[in-house]
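One structure is given below, encoded as structure tokens.
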Amino acid sequence: MVFDPIVLFFLLGLLAGLSKSDLKIPAAIYEALSIYLLLAIGLKGGVELSKYPLGELVTSSAIVLAAGMLIPIIGYPVLRFLGKLSHYDAASIAAHYGSVSVVTYSVAVATLIERDWAHDGYMVVYLALLEMPALILGVVLARLGDARDGQASAGLAALRSIHWGRLAHEVFFGKSILLLIGGLIIGFIAGEKGYEPIAPVFKEAFKGLLALFLLEMGLVAASRIAAFRSYGAFLVGFAIVMPLVSASIGILTARYLEFSQGNATLLATLYASASYIAAPAAMRIAVPQANPALSIGASLGVTFPFNLFVGIPIYMWMARTFIPG
Amino acid sequence: MVFDPIVLFFLLGLLAGLSKSDLKIPAAIYEALSIYLLLAIGLKGGVELSKYPLGELVTSSAIVLAAGMLIPIIGYPVLRFLGKLSHYDAASIAAHYGSVSVVTYSVAVATLIERDWAHDGYMVVYLALLEMPALILGVVLARLGDARDGQASAGLAALRSIHWGRLAHEVFFGKSILLLIGGLIIGFIAGEKGYEPIAPVFKEAFKGLLALFLLEMGLVAASRIAAFRSYGAFLVGFAIVMPLVSASIGILTARYLEFSQGNATLLATLYASASYIAAPAAMRIAVPQANPALSIGASLGVTFPFNLFVGIPIYMWMARTFIPG
Amino acid sequence: MVFDPIVLFFLLGLLAGLSKSDLKIPAAIYEALSIYLLLAIGLKGGVELSKYPLGELVTSSAIVLAAGMLIPIIGYPVLRFLGKLSHYDAASIAAHYGSVSVVTYSVAVATLIERDWAHDGYMVVYLALLEMPALILGVVLARLGDARDGQASAGLAALRSIHWGRLAHEVFFGKSILLLIGGLIIGFIAGEKGYEPIAPVFKEAFKGLLALFLLEMGLVAASRIAAFRSYGAFLVGFAIVMPLVSASIGILTARYLEFSQGNATLLATLYASASYIAAPAAMRIAVPQANPALSIGASLGVTFPFNLFVGIPIYMWMARTFIPG
Amino acid sequence: MAKAFKLVTIYCEAVLEPLVVREFDRLGIVGYTVSDCRGRGTHGVRSGNWRMSSNVRIEVMCDLPMSDRLMEALEPFDRDYGLLVVRSDVEVLN
Amino acid sequence: MAKAFKLVTIYCEAVLEPLVVREFDRLGIVGYTVSDCRGRGTHGVRSGNWRMSSNVRIEVMCDLPMSDRLMEALEPFDRDYGLLVVRSDVEVLN
Amino acid sequence: MAKAFKLVTIYCEAVLEPLVVREFDRLGIVGYTVSDCRGRGTHGVRSGNWRMSSNVRIEVMCDLPMSDRLMEALEPFDRDYGLLVVRSDVEVLN
Ligand SMILES: Nc1ncnc2c1ncn2[C@@H]1O[C@H](COP(=O)(O)O)[C@@H](O)[C@H]1O
Ligand SMILES: Nc1ncnc2c1ncn2[C@@H]1O[C@H](COP(=O)(O)O)[C@@H](O)[C@H]1O
Ligand SMILES: Nc1ncnc2c1ncn2[C@@H]1O[C@H](COP(=O)(O)O)[C@@H](O)[C@H]1O
Ligand code: NA
Ligand code: NA
Ligand code: NA
């Protein structure tokens, strides 16, 4: 089989949703599972980080971040001028694709483990790093768009109109960053020995709970697909082609940084994935004029399943082909 | 001890409910636990199924299904004419007893494991098969009753009045069948190797989470017992004698099909158990004239604890006595 | 490190709360986790109890109980006359400190395990014993205070005015006692062999789930600290000094009863800890005139973190110093 | 700017929710709000601890004639299900 | 067919729920509906993240005299507990 | 003893809750009650199964002038967000 059986849980949820089954996962469980996933990933990364020289990550982080910002910068004009979307929608969707998906990353890790590909737990540092900057860039793009449309007198004034304080708060104290970074630090301090007694919950149960989360994601995606159908072929195309472009940037960056094939796959997956936890909430507040049905429909209804079933195998193939073993 | 200590959790919940303790398990947790149990049972069955020739199950399934339909067909006239219940109530209760209880089945499996009785995981296929047909039969009985009472001109017309489409939808896309069958298929595809990484959640945690679910069932049953008390001795007698009759049908069927003693116990338990997840919801919609206090009170307030504490040991004794070892 | 890394989860929750992050743990999850912790602790205690002669615990229990009642008796006049609090508030806070905290106890156990200090699982019997009597004493103190303030003609009449029936019901069927004692009895009956199949949930997952509960406690404590700030230095001082006094009583009692150093640490921790599950709810109903912001603020906002980070290490030091090894 | 409307509040068993929404669709009612609740009535205590004992409160803002039609459409459910329908006056501000 | 009633809505601390229901029993009020909520009032923010900071909204449909008696019965709670009681007019349709 | 007040009920997307509360603070509104709900409106079905599709109902008891000011303050949200604001008469009993 080309994909991990865990993704079948997503299909089951999708089927339940599309068939209007009475299956419903309570919102409280959804919340709890997403808190769990973020913490568990952070912890594991922190424990691994405690075994590596932190310093080495600094340069590569800067490069990974810079290369990652290409994604919204490429995405925005495509959406705006090829897709003829409003500059709000273009900015919001670009931000979703510049940010990352924790679950897509987790499925990639599970697949690597199943195939016995070596990879490093500290890759989660890049996950944490990439989540937010694209959102800020998205807000900036939206405001500069305002300016160009004549709603503000100049680009600089437009930038000044952003509530930087509120945005920074959203960024650093939003629950996903807080749990990821918090988990990283706790894992770093606890180390292997302190991690061991909590590992039955945060490590061994991880894949099973990820399966339940995928079931729920399928249910949510089902409702999004319906809402999304009316928006036509362009966005569906974008939601499939953009991840491939982003993954290619990831493979190039990984090659430049001399990553292993496993780590290269993970970086490609991060770039290719689109956010559906942090981004929708942040964009809804910061760029309210954008239609959330478009961005969530594309990221959750198309790109997420695409990555699960088709994307990750492709990124593994890319890594095997373009990264020296 | 004659029963598994896990059933003590049911007693604790019952005590809490009857003593009006402030112990409450949030509805979201109840929902999550029942989703978990259905999925976990389906997955385990699917994994075991992947090791057996599927073809062999087809004939035995038909026989198990046909024999199982005897239960509502026997139950209905007893309830209607001996118990003098309305034909709605008789049909609804008969449907509950024709369907099956996932938790009763799970406790039987746990008991077999504790006593080292061999049994097969694919028995869960019968669980999935038996859940729904009795519900359809119940609706048919209710409508034919309508016809006889002169509310419709003839039996055929009565049958035609059933919303078959809606009923079929309830049956195949109701969450319990969807999760059981979905789990079966995922387990079948994943096989032993794909199951392993999710086993800490879906296999090892099973009995502990079943214990928590039993605690909740005790709380729910407590509220049902109070409501049920007013309905007299007949229904209590039915709720105790009917499982014994059903279990005997199960033992005979198992003997005919040359089941092992363990599998015979499980089939007897399936027949003897009464539904409290799928049946109450389906009957409430399809036969609204039936009083849910009667059917849920009998199945959850009497038959469920009876099976846990007395029934399962009896069915094991039956299997040991009537099934060649 | 002087404390177990698990307490860092509390800090993370505190940080999230104080920084007004959007991190929220659903109330249903909080409820489920507290039910789990109580049951798990009870079960483990019961299993260990099944290996020891129960009789030996009877005398020591009486002494532990009697010594524990000194805590509210010392606390009340200090709060009333030094702190100039109303007699309602003094009684309520005294009751909180006379009762015990399940989570503080659990963290102490985790720390002992990490440091390889021997200790006995049956110590949980004292936990169950100490939870409630202080609450009754608190109600009595509040009513006697009423009497002295001339609101009732005599102390005896004041005592008679207590709804003893309702209070007894709260005490014995309140969820925390019910789950602790229920767990104890089930564990006792199940024994090591019956415990084993549910151990993945109730034993191995314990520390990980405790970590999640601590995260939630941090969030709750954050909201309490804000409300509490206005009540000045006296109560903060009390919330730090009282646990040290109580722990000293615990060490003396443990020495008299010839406890091991590990058990002495646990008894000191029990005495030093203040309740935030049973006590707040019981006091809110039985002594409604008391301001819950004071008692919960002191117990959850100050004493709980104090014990986690500073107290437990001190109590271990006390045990090492004053208890013969 | 504010318009006089009727608020129809329907308290009923949770299993009834999809059937009530089907009536909305039939009548052409677009907007409604649902929340979970528990309670007690002539059908006894509904404690909300599992789906079969849960209630929902469904609120609909609509004009008077529609509220009459809605009420009529719900009447058949009243015989077999726990159901309470109430109506009050509201101003809708946007 | 519609009857004029009063809707009494009680917003209060969750721990108060059993005490309020006891008053209903004393007054002979059978029907009521409860839902969980959070909020802010003169007693501060009640964020609903654990039981001690949760609120409930209790709704009762009854006639005017009963609503007066209920209101009177709830007054003693007002001193020590977070509590808000409001009353409005409704038509009960069945 | 009972005072005539207005009840303003705001049905909106859950993400809007902190922004609405900020308006309360600006206007000097102390008391409010929030509960979670789901629903349907001109912005489509909001099924409540994750935060981005959840609604909240926010209730505020205040006097008429304040309710006018509140309504005005909420108007800007109406353009971009799912929002419904209604107002009715209540007596506040304590
Ligand atoms: N008088 C009432 N006031 C408020 N809610 C009520 C009242 N009567 C019934 N209800 C609600 O409506 C549901 C169904 O009522 P019933 O059909 O009388 O059992 C109950 O479970 C309550 O939630
Ligand atoms: N003006 C108001 N509007 C709506 N709800 C309120 C108002 N005042 C108080 N409440 C609710 O009533 C609860 C108790 O109020 P209080 O006793 O003022 O703290 C609060 O937590 C709110 O849920
Ligand atoms: N006519 C209505 N009656 C009751 N609730 C409504 C109505 N219209 C809208 N709502 C609620 O208000 C939310 C936002 O409405 P809308 O902006 O129209 O999508 C919906 O999700 C519903 O919860
Ligand atoms: Na990305
Ligand atoms: Na059966
Ligand atoms: Na104490």
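Letters A, B, ... are given to chains in the order of the sequence lines, protein chains preceding strands, and every chain is numbered from 1.
Both the backbone and the side chain of B:A205 come within contact range of chain C, each with at least one heavy atom under 4.5 Å from a heavy atom of that chain. No part of B:L210 comes within reach of chain C, as not one of its non-hydrogen atoms sits under 4.5 angstrom from that chain. Proximity to chain C is absent for every atom of B:F206, based on heavy atoms less than 4.5 angstrom apart. For chain B, no part of C:L38 is nearby; none of its heavy atoms comes within less than 4.5 Å. Interface residue C:I35: only side-chain heavy atoms are found under 4.5 Å from chain B. When heavy atoms are compared at a cutoff of 4.5 Å, C:I185 does not approach chain B at all. Both the backbone and the side chain of B:A16 come within contact range of chain C, judged by heavy atoms closer than 4.5 Å.
Using a 4.0 Å cut-off between charged nitrogen and carboxylate oxygen, C:D120 and C:K51 do not count as a salt-bridge pair. By the 4.0 Å N-to-carboxylate-O rule, B:K24 lies too far from B:E216 to be salt-bridged with it.
When the candidates B:I6, B:L15, B:I113, B:I29 are compared by the number of heavy-atom contacts under 4.5 Å with chain C, B:I29 comes out ahead. Of all the listed residues (C:P197, C:G182, C:S176, C:A281), the one sharing the greatest number of non-hydrogen pairs under 4.5 Å with chain B is C:P197. For the set B:I25, B:L12, B:L11, the entry with the most heavy-atom pairs within less than 4.5 Å of chain C is B:L12.
Taking the six-membered ring where the residue is Trp, B:F9 and C:F202 present parallel rings, their angle staying beneath 30° rather than reaching 60°.
For B:Y30 and B:F213, the gap between ring centers is short of 6.0 Å.
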Worked verdict on B:N307 versus B:Y315 for side chain to side chain donor-acceptor pair (under 3.5 Å): CA-CA 9 Å; B:N307 276 330; B:Y315 313 148; 2.6 Å; yes
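For the pair B:P305 and B:F10, the minimum side-chain heavy-atom distance is below 4.5 Å. Between B:Y276 and B:V103 there is a side-chain heavy-atom pair separated by less than 4.5 Å.
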